[in-house]
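So the structure is just underneath, and the comments pick up after that.
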Amino acid sequence: MYALIDCNNFYVSCERVFQPHLQDKAGVVLSNNDGCAIARSQEAKDLGIKMGHPYFQLKDTHPHVWVRSSNYALYQDMMYRVTSIIRNYFPDQEIYSIDECFCDLRGFTVIDPLSLAAELRSEILNCTGIPVCIGVARTKTLAKIANRIAKKKYKDVGVFVLQSQEQEAKALEATEIGDVWGIGGRHAARLRAMGIDNAGKFARLPPDWVLKNMTIVGLRMWRELNGESCIPMEYVRKAKKGIGTSRSFGKPESRLAVLLEALATYVSLASAKLRSQNSVCGRVYVYARTSDFVGEAERFACGFEVRLITPTANTGELIKVAGWILKKTFRDGYRYQKVGVLLSDIRPDTEVQQSLFDRSVKRRVRMASAFRAMDSINARNGRDTVRVAASGNEGKWTMKQDFRSKRYTTKLSEIITVKAI
DNA sequence: TCTGGGGTCCTAGGACCC
DNA sequence: TCTGGGGTCCTAGGACCC
């Protein structure tokens with residue numbers, strides 16, 4: 001059996017832990033740049049606020065709903081607390097996303113998974129203040145379904161176990177096709193048009209059809225729904241194959257010099273991530289674009305990719321290349337909404353093929369140790385303690401974050417204050 | 001005025017190799 | 001009449017996840 005532990009309205013729940021007055025009141029957490037709602041309290045959902053609902057509309061239509069900007073430092077750390085507790089119960093965990101964790105129950109002689117899951121759930125709530133739901137079933141995909149049922153149908157208990165095949169069959173019949181893990185909008189629409197509107201009907205389709213029309217990925221899902229486990233647990237986080245960094249500007253920006261500063265900042269971030277997994281990249285893609293929501297004539301997107309002669313993780317080199325691309329591709333006269341960089345062709349830094357024509361090898365080695373030193377200073381003293389000058393001074397282009405709560409758990413100066421009366 | 005950011009995997013088709 | 005067989009690598013596009 002597999003368990004899926006999923007935090008309820010996670011970002012909203014994190015905000016409520018340290019701001020208890022937000023409890024029981026409709027509220028949302030906004031995306032970066034305070035763009036749109038990406039987490040909603042149950043009360044907000046009940047008001048009909050949708051995922052991705054733009055904030056500039058919400059503030060007029062729902063002025064009484066509380067809002068917070070995304071505070072990822074807080075959410076990441078809260079999830080760390082949650083997974084630490086889970087680990088005491090089930091040591092084999094796969095942290096699937098910022099708010100979900102799979103556990104492998106095979107090898108456990110769990111007599112009563114339901115009461116064990118219930119115990120874990122209340123332990124997490126007591127220790128962290130985060131409510132979770134737990135679904136248990138024979139495969140990961142079925143555990144996802146069990147979790148959904150726990151959330152929708154057994155909210156008070158928060159736990160649901162698919163024990164028997166009869167229960168599985170009933171659960172599949174009750175699961176809308178679009179709610180199956182791995183079926184997105186495209187496939188859902190297509191299947192619905194064929195009359196396949198729930199997971200049970202999908203699981204009874206001939207496997208040949210599924211393979212032909214939905215690739216091996218679809219077939220894997222089909223098998224999982226039929227009780228055959230074929231999505232393995234991933235205990236160690238794999239090295240990333242691509243690292244992308246981009247942000248929307250607080251307001252549209254037309255000046256190349258400002259775009260270059262923003263880009264240098266994103267390249268610094270991305271290359272630090274690259275070094276943290278001991279990798280180098282062989283390709284750099286840079287792009288800039290205007291908003292999707294402006295008229296045809298003002299809309300513009302540009303960018304291209306270059307292949308590096310020698311793969312690198314050196315911030316300075318990468319900024320130089322990225323800046324060169326942006327200057328080449330940039331066109332005057334547009335109001336840009338964002339720039340971004342994508343590092344790809346990623347490989348271990350121990351497997352770098354040197355170029356015969358590269359005369360700066362020694363300098364490279366020196367720079368590599370300089371950036372290692374920078375990373376460790378920033379790790380010890382906080383992000384951006386040392387940064388590259390090309391990033392410029394903040395303020396000109398940074399994203400909107402008008403409603404961010406404090407970093408209660410990761411920054412000493414923002415720790416919660418308790419007053420004794 | 002105003003609409004996020006970060007990833008993964010699969011397939012088909014083209015170019016190339018012997 | 002009739003033109004092989006076995007590969008690799010790369011790219012773009014599609015679909016999906018949170």
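Lettering of chains follows the sequences in order, A, B, ..., and the numbering in each one begins at 1.
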task = Identify which nucleotide among dG6(B), dG7(B), dC16(C) has an atom closest to any side-chain atom of H187(A), counting heavy atoms from C-beta outward.
result = dC16(C)
request  = Round to a whole Å and report the spacing from CD1 of I183(A) to P of dA15(C).
outcome  = 13 Å
query = Considering only dG5(B), dG7(B), dC2(B), which nucleotide approaches the side chain of N32(A) most closely?
reply = dG5(B)
remark   = Of the listed dC18(C), dG6(B), dC2(B), the closest approach to the S246(A) side chain comes from dG6(B)
ask   = Phosphate oxygens OP1/OP2 of dG5(B): is one of them under 4.0 Å from a side-chain N or O of S248(A)?
value = yes
Between dT1(B) (P) and D402(A) (CG): distance, integer Å = 17 Å
Give the table of side-chain donor-acceptor pairs shorter than 3.5 Å for residues 317-328 of chain A, with sequence neighbours excluded, one pair per line with atom names and distance.
from, atom 1, to, atom 2, distance (Å)
E317(A), OE1, R364(A), NH2, 2.7
E317(A), OE2, T312(A), OG1, 3.4
E317(A), OE2, R364(A), NE, 3.3

query = In whole angstroms, how far is the C1' atom of dG7(B) from the CD atom of E234(A)?
reply = 13 Å
request  = Calculate the interatomic distance between F249(A) atom CZ and dT3(B) atom C1'; express it in whole Å.
outcome  = 16 Å
Between N or O atoms, less than 3.5 Å apart, protein on one side and nucleotides 10-12 of chain C on the other: list the pairs.
from, atom 1, to, atom 2, distance (Å)
dT11(C), OP1, R283(A), NH1, 3.3
dT11(C), OP1, R283(A), NH2, 3.3
dT11(C), OP1, R307(A), NH2, 3.4
dT11(C), OP2, R283(A), NH2, 3.3

task = Please state whether the phosphate of dG6(B), meaning OP1 or OP2, lies under 4.0 angstrom from any side-chain nitrogen or oxygen of K338(A).
result = no
remark   = note: R190(A), atom CZ; dA15(C), atom P; distance rounded to Å ~ 9 Å
ask   = Separation of Y11(A) atom OH from dC18(C) atom C1', in whole Å?
value = 8 Å
task = Quickly work out the I38(A) CD1 to dG6(B) C1' distance and round it to whole Å.
result = 11 Å
query = How far apart are the C-alpha atoms of M221(A) and M214(A), what are their side-chain angles, what is the distance that settles it, and do they pass the side-chain contact (heavy atoms from CB on, under 4.5 Å) test?
reply = CA-CA 10 Å; M221(A) 193 169 60; M214(A) 299 175 70; 4.0 Å; yes
ask   = Where each pair must be Watson-Crick or G-U wobble with both distances under 3.5 Å, what dot-bracket representation of DNA chain B is obtained, with crossing pairs in [ ] and other-strand partners as |?
value = ....||||||||||||||
ask   = Would you say dT8(B) has OP1 or OP2 under 4.0 Å from some side-chain N or O of K238(A)?
value = no
remark   = Taking every heavy atom of S41(A) against every heavy atom of A26(A), the minimum-distance pair comes out as OG-CA, 3.5 Å
Throw together a table of side-chain donor-acceptor distances under 3.5 angstrom for residues 174-188 of chain A, partners on residues two or more places apart or in other chains.
from, atom 1, to, atom 2, distance (Å)
T175(A), OG1, A171(A), O, 2.8
E176(A), OE2, R192(A), NE, 3.4
D179(A), OD2, R148(A), NH2, 3.0
W181(A), NE1, Y96(A), OH, 3.3

Residues R255(A), E253(A): salt bridge by 4.0 Å N-O rule = yes
request  = For residues F160(A) and Y154(A), establish whether the separation of their ring centroids is below 6.0 Å.
outcome  = yes
query = Charged N to carboxylate O below 4.0 Å: is that the case for E173(A) and K201(A)?
reply = no
ask   = Is any side-chain heavy atom of V12(A) closer than 4.5 Å to a side-chain heavy atom of R40(A)?
value = no
ask   = When you measure from the side chain of T245(A), which nucleotide among dG6(B), dC17(C), dC2(B) comes out closest?
value = dG6(B)
remark   = Separation of dG4(B) atom P from Y72(A) atom OH, nearest Å, is 11 Å
Residues that F300(A) engages under ring pair (Phe, Tyr, Trp, His ring centres under 6.0 Å), provided they are two or more places apart = Y334(A)
query = Hey, what's the ring geometry for F403(A) with Y55(A), parallel, tilted or perpendicular (30° and 60° as the breaks)?
reply = perpendicular
ask   = For DNA chain B, what residues of residues 43-64 of chain A have any heavy atom nearer than 4.0 Å?
value = P54(A), F56(A), K59(A)
key: Separation between NE2 of H53(A) and NZ of K50(A), rounded to the nearest 0.5 Å   = 9.0 Å
